[in-house]
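One structure is given here, and the rest of the page talks about it.
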Amino acid sequence: MATATAAAAPEQQQQPAGAGASSSSPLLRVHDTILVPPSPSPPETSLPLTFFDILWLNSPPVERLILYRVAPDADVAAIISNLKDSLHEAIRAFYPLAGRLRLTPGTSNRYELHYRPGDAVTFTVAECDDDDDADIDSLITDEPREVAKLAKLVPPLPEGGGVLALQATLLSARRALAVGVTVHHAACDGSGSTHFLHTWAAACAGAAAGARPPPPVIDRTFLLPDSRGLYDTFSKALPSTDEMEFVKMSADQLLATFTLSTDDLRRVKDAVAGEAARRGVAPPRCSTLVATFGLVWSCYLRAKDSSGAGEGSTTVRYLLFPVDHRSRMKPPLPEKYLGNCVGPAVATAPEGEVAAAGAGGIFSACAAVASAIDEAVRGVGTPSVDAWVERILEAGAAGALSVAGSPRFRVYELDFGFGRPTKVDIVSVARTGAVAVAETRSSAGGMEVGVSLKPAGMERFQKCIEDAVAWLHNHQS
């Protein structure tokens, strides 16, 4: 399990939490670090990890950064106070996130989320005074930014098995605010963590009870008993924490956002349909998500080898992405089930086919993604689930590109009462090597893709995706 240092004491100078921070990254001035317990306190509770949860036991935590502009006449002290006060209420509904991940007493390989009265979530209030590195305009740009400058704005998980940490950092002479959220994936998946954020935001904004998200369903019996022994199958095959740290971050690691408009994605779908007709085959089901994954995967492989040697390669390449199975379980899990209920979808195709320029590469990539979704959906409840860890490890060993996030999480609707976010990033993709996906800020139907690479790789990827989008617009009416 990836753990980090404890939160800094008040007024302490804090280095960035993210690995590989550059020496030029400015320090934070921490004003306050408080422990926010659920109020009123629930009784002591232990939630056993399920076979879905154990898949993430040794994974790095998910670090999400939500950036806001604050009005010039805003009462910043009141904003911070409201964030703290409403957090008590939100944590009450999601009280397992205030607990700790621990080995179940008397066992050697069973883990649980254990909450006892007095447990709390760490909430840090900080300020960054550096004019250049803390300027909101430099942080919300889609252009490549140094990961070290973003990483300092997300908190480390507390020692001792903590699964959630929060940080509010004042920026740009208190005219901007960064909300950093760090979650241990074994506690819940992205659906659960963003459900918590929407609940906190609604409480902070003072939304009426009827306008707030429904409470989470905290009940692991939906997935118990594990009659097929999937927990033991997965736990025995799990790699160690060191093996799960896929990427060693460099000091110059960059993070950039690429926006694909509704029109861009429509053109991807048209290109796939046209190529299928040209080949005389049935077109794959090309949803917006399939079109996004296919285009990004094709460009990623093309950018990976600047020599172009990969274009004719028959080496099998992988794209690994999560599929939510709540509605597919028998019986189905509630939509607001708090825990993990995602399984892997693994797209495979020869590198030369996916990396090909033009319609050919896009078609091959999208067809493989669509096939992977079909396979993942059909496989729920069948013996193919037993091989999930082996498939994940196989893909990882082959340098798979993986995906984090989802447009379904509606992260750009997280309004705490002082406006919608101006930018949302999943900073931890710099450590996991994944690409992050979310809905676009400005228009319905588009997608944002966050990519973290070293400078040379970022330059190649940026050129590949710009060329691909230009090709789509120049070769279609």
Side-chain angles (χ1 to χ4, degrees), residues 8 11-32 63-80 83 123-156 166-182 201 249-259 411-412 414-430 436 438 440-442 448-455 458-459 462:
E11 297 301 334
Q12 181 178 343
Q13 298 294 306
Q14 180 181 324
Q15 288 282 1
S22 69
S23 59
S24 63
S25 181
L27 302 178
L28 289 184
R29 187 156 50 90
V30 175
H31 294 309
D32 196 13
E63 300 167 335
R64 186 176 268 106
L65 180 63
I66 313 164
L67 294 159
Y68 297 87
R69 291 188 186 276
V70 177
D73 59 348
D75 186 340
V76 174
I79 287 175
I80 296 298
L83 285 169
F123 180 69
T124 299
V125 179
E127 189 164 356
C128 193
D129 296 323
D130 188 286
D131 290 339
D132 294 328
D133 293 329
D135 177 67
I136 186 67
D137 291 326
S138 68
L139 295 175
I140 66 171
T141 179
D142 287 349
E143 294 300 312
R145 295 149 291 156
E146 292 180 26
V147 171
K149 294 178 181 179
L150 302 172
K152 67 178 180 291
L153 304 176
V154 293
L166 303 166
Q167 178 175 316
T169 306
L170 297 166
L171 307 165
S172 296
R174 299 193 163 206
R175 291 297 163 253
L177 180 69
V179 176
V181 184
T182 304
M249 283 176 49
S250 63
D252 58 352
Q253 192 86 10
L254 301 174
L255 178 65
T257 302
F258 299 88
T259 299
V411 292
Y412 282 105
L414 288 168
D415 186 346
F416 286 84
F418 43 86
R420 291 162 64 99
T422 54
K423 189 75 167 65
V424 181
D425 285 305
I426 300 180
V427 180
S428 49
V429 298
T440 54
R441 288 158 279 178
S442 55
E448 286 188 2
V449 181
V451 178
S452 182
L453 294 165
K454 296 178 183 179
M458 183 67 77
E459 185 176 350
Q462 192 164 12

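Note that the numbering runs from 1 along the sequence shown for the chain. Heavy atoms only: backbone and side chains are in, while hydrogens, waters and symmetry mates are out.
Residue Glu146 holds its CD atom at 10.0 Å from OG of Ser138, rounded to the nearest 0.5 Å. Remark: Ile66 CD1 to Asp415 CG distance equals 11.5 Å, nearest 0.5 Å. In this structure, Met458 CE and Glu143 CD are separated by 10.0 Å, a value rounded to the nearest 0.5 Å. Note that OG1 of Thr182 is 9.5 Å distant from CG of Leu65, once rounded to the nearest 0.5 Å.
Across Ser172 and Ile136, no two heavy atoms sit closer than the pair OG-N, 2.7 Å. Heavy atoms only, all atoms of each residue included: Val429 and Ile426 are closest at CG2-O, 3.1 Å. The minimum heavy-atom distance between Val179 and Tyr68, with the atom names listed, is CG2-CE1, 4.0 Å. Residues Val154 and Gln167 approach most closely at C-OE1, 4.0 Å, considering heavy atoms. Residues Thr422 and Arg441 share a closest heavy-atom pair of O-CD, 3.1 Å. Taking all atoms of both residues into account, the shortest heavy-atom contact from Pro155 to Val181 is CD-N, 4.2 Å.
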- Message: Under the criterion side-chain contact (heavy atoms from CB on, under 4.5 Å), I'd like the reasoning laid out for Asp137 against Arg69: C-alpha separation, chi angles, the key distance, then a yes or no.
- Response: CA-CA 10 Å; Asp137 291 326; Arg69 291 188 186 276; 2.6 Å; yes
- Message: As a quick check of understanding, evaluate side-chain contact (heavy atoms from CB on, under 4.5 Å) for Lys423 and Thr141, giving each step before the final call.
- Response: CA-CA 8 Å; Lys423 189 75 167 65; Thr141 179; over 6 Å; no
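In this structure, the side chains of Leu254 and Pro455 come closer than 4.5 Å at one or more pairs of heavy atoms. Counting heavy atoms from C-beta on, the side chains of Lys454 and Gln253 come closer than 4.5 Å. Side chains of Leu171 and Leu153 form a contact here, defined as non-hydrogen atoms less than 4.5 Å apart. At least one side-chain heavy atom of Leu139 sits under 4.5 Å from a side-chain heavy atom of Leu150. Using a 4.5 Å cut-off on side-chain heavy atoms (C-beta onward), Leu170 and Arg29 make no contact. Annotation: side chain of Asp32 is not in contact with side chain of Ile80 (no heavy-atom distance under 4.5 Å). Side-chain atoms of Arg64 and Val424, non-hydrogen and from C-beta on, do get closer than 4.5 Å to each other. Side-chain contact check for Phe418 versus Leu177: some heavy-atom pair is nearer than 4.5 Å.
Look at Asp135 and Lys149 and you find no salt bridge, because none of the NZ, NE, NH1 or NH2 atoms lies under 4.0 Å from a carboxylate O.
Here the side chain of Arg175 pairs a donor or acceptor atom with the backbone of Pro72 at under 3.5 angstrom.
Atom CD of Glu459 has 12 or fewer heavy atoms from other residues, nucleotides or ligands within 6.0 Å.
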